[in-house]
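Have a look at the structure below, then the notes.
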Amino acid sequence: MTAALCTRDLTKRYGRHTALADATLTVPAGRVVGLVGPNGAGKSTLLNLVAGTIRPTSGSIEVLGARPAASAAQLARVGFVAQDTPVYAGLTVAEHLRLGARLNPGWDADLAHQRVTQLGLDPARRAGRLSGGQRAQLALVLATAKRPEMLVFDEPVAALDPLARRTFLQNLMESVAELEATVVLSSHLLGDLERVCDHLVVLAGSRVQVAGDVEDILAAHYRVVGQPGTIDRLPPGVEVIQARDNQRQSTLIVRDTSGVLPRLLPDLLPTAEPLALEDMVLAYLGRAVTAPAAGSPGTTVEANL
Ligand SMILES: Nc1ncnc2c1ncn2[C@@H]1O[C@H](COP(=O)(O)OP(=O)(O)OP(=O)(O)O)[C@@H](O)[C@H]1O
């Protein structure tokens, strides 16, 4: 398996504040990765480390087998659209394309023009006069026309209405298919991520809570409903992510990576329901609220996505 992104104990501190702690991740090439977590979880920090705009305090990171931003060639392999879809307000759409061509050795002018035409963007219009959705689309065109092997987006759809979001994500998926690139995108909108992502990283309190292919993650999690005290019957190796108890029953969301639950407690499984991705993510975020955030003992993180 070729890893597009590989981090080991990746940590970024700003003074005494830890923005990202001990992140160890392996993302296979070709995945569309959704990065979720509440405000301040460390998502932008991780994406900026991937793009090479900031350096780690400790730990290691390899993107496409090399140190991020290690050379001009490495920079050309990664397309990064930072938060708030940065484009130059005073430049026209056509001027953006000319700038892209000048700055990127692998620039695909045909692809850029084809996308701009498809999107109905007026080449003579200044970026400052485009709508939020059109600016996001222009940023996507610029990032894809350099034909990168990895595309990194920091909350690309945050400011878009539902229709613009859907159009943007459709275009993103078309670009991904065309480039056969790995994509990493952060969002608070789980429904959007669920639609386009096949790999998930959940960050909260500066730490990776869970990461992996969506299918594998879902296969390892169960919602178990049993009698009060069920939690005490769980075998070692089954981790409780969320527990809700009342006098009549106990509802648990558990992680069972070794598959012992169906074997050791088959009676629990008739009541085990398939878990929706959103419920699983919220369970992890709820757990992070009660656990101390990295580098700041006793503090809590917000759980609202
Ligand atoms: N340049 C910086 N200097 C100091 N602290 C920073 C800096 N950049 C980020 N932080 C802090 O690091 C933590 C993680 O920030 P980050 O921007 O990575 O979070 P995020 O998950 O992207 O949040 P949001 O969803 O609000 O964009 C926050 O507590 C933030 O205040």
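Just so it is clear, the structure is predicted and the values come from calculations on it, not from any experiment. Just so you know, ligand 1 is whichever comes first in the structure, and atom 1 is the first atom listed for that ligand.
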Numbered atoms and elements of ligand 1 in range of A41, under 4.0 angstrom, heavy atoms: 19 (O), 20 (P), 21 (O)
CA sep, side-chain torsions, deciding dist, call: K43, D154, salt bridge (Lys or Arg N to Asp or Glu O under 4.0 Å): CA-CA 8 Å; K43 302 183 297 296; D154 197 352; over 6 Å; no
Atom 15 (O) of ligand 1: the protein heavy-atom neighbour that sits closest, reported with distance to 0.1 Å: T45 OG1, 3.8 Å
Shortest protein contact, atom 14 (C) of ligand 1 (heavy atom only): G40 O, 3.4 Å
Ligand 1 contact by H188, heavy-atom criterion under 4.0 angstrom: yes
Protein contact to atom 25 (O) of ligand 1 [nearest heavy atom, distance to 0.1 Å]: K43 NZ, 2.7 Å
P38: numbered ligand 1 atoms lying under 4.0 Å from its heavy atoms: 21 (O)
Atom 27 (O) of ligand 1 [closest protein heavy-atom partner, distance rounded to 0.1 Å]: Q83 NE2, 3.2 Å
Atom indices of ligand 1, in the order listed, that fall short of 4.0 Å to a heavy atom of S44: 17 (O), 18 (O), 20 (P), 22 (O), 27 (O)
Heavy atom of G42, distance to ligand 1 below 4.0 Å: yes
Which residue and heavy atom of the protein sit nearest atom 6 (C) of ligand 1, plus the separation: Y14 CD1, 3.3 Å
Close side-chain approach of P148 to R77, heavy-atom, < 4.5 Å: no
Protein contact of atom 29 (O) of ligand 1 - nearest heavy atom, named by residue and atom, plus distance: H17 NE2, 3.0 Å
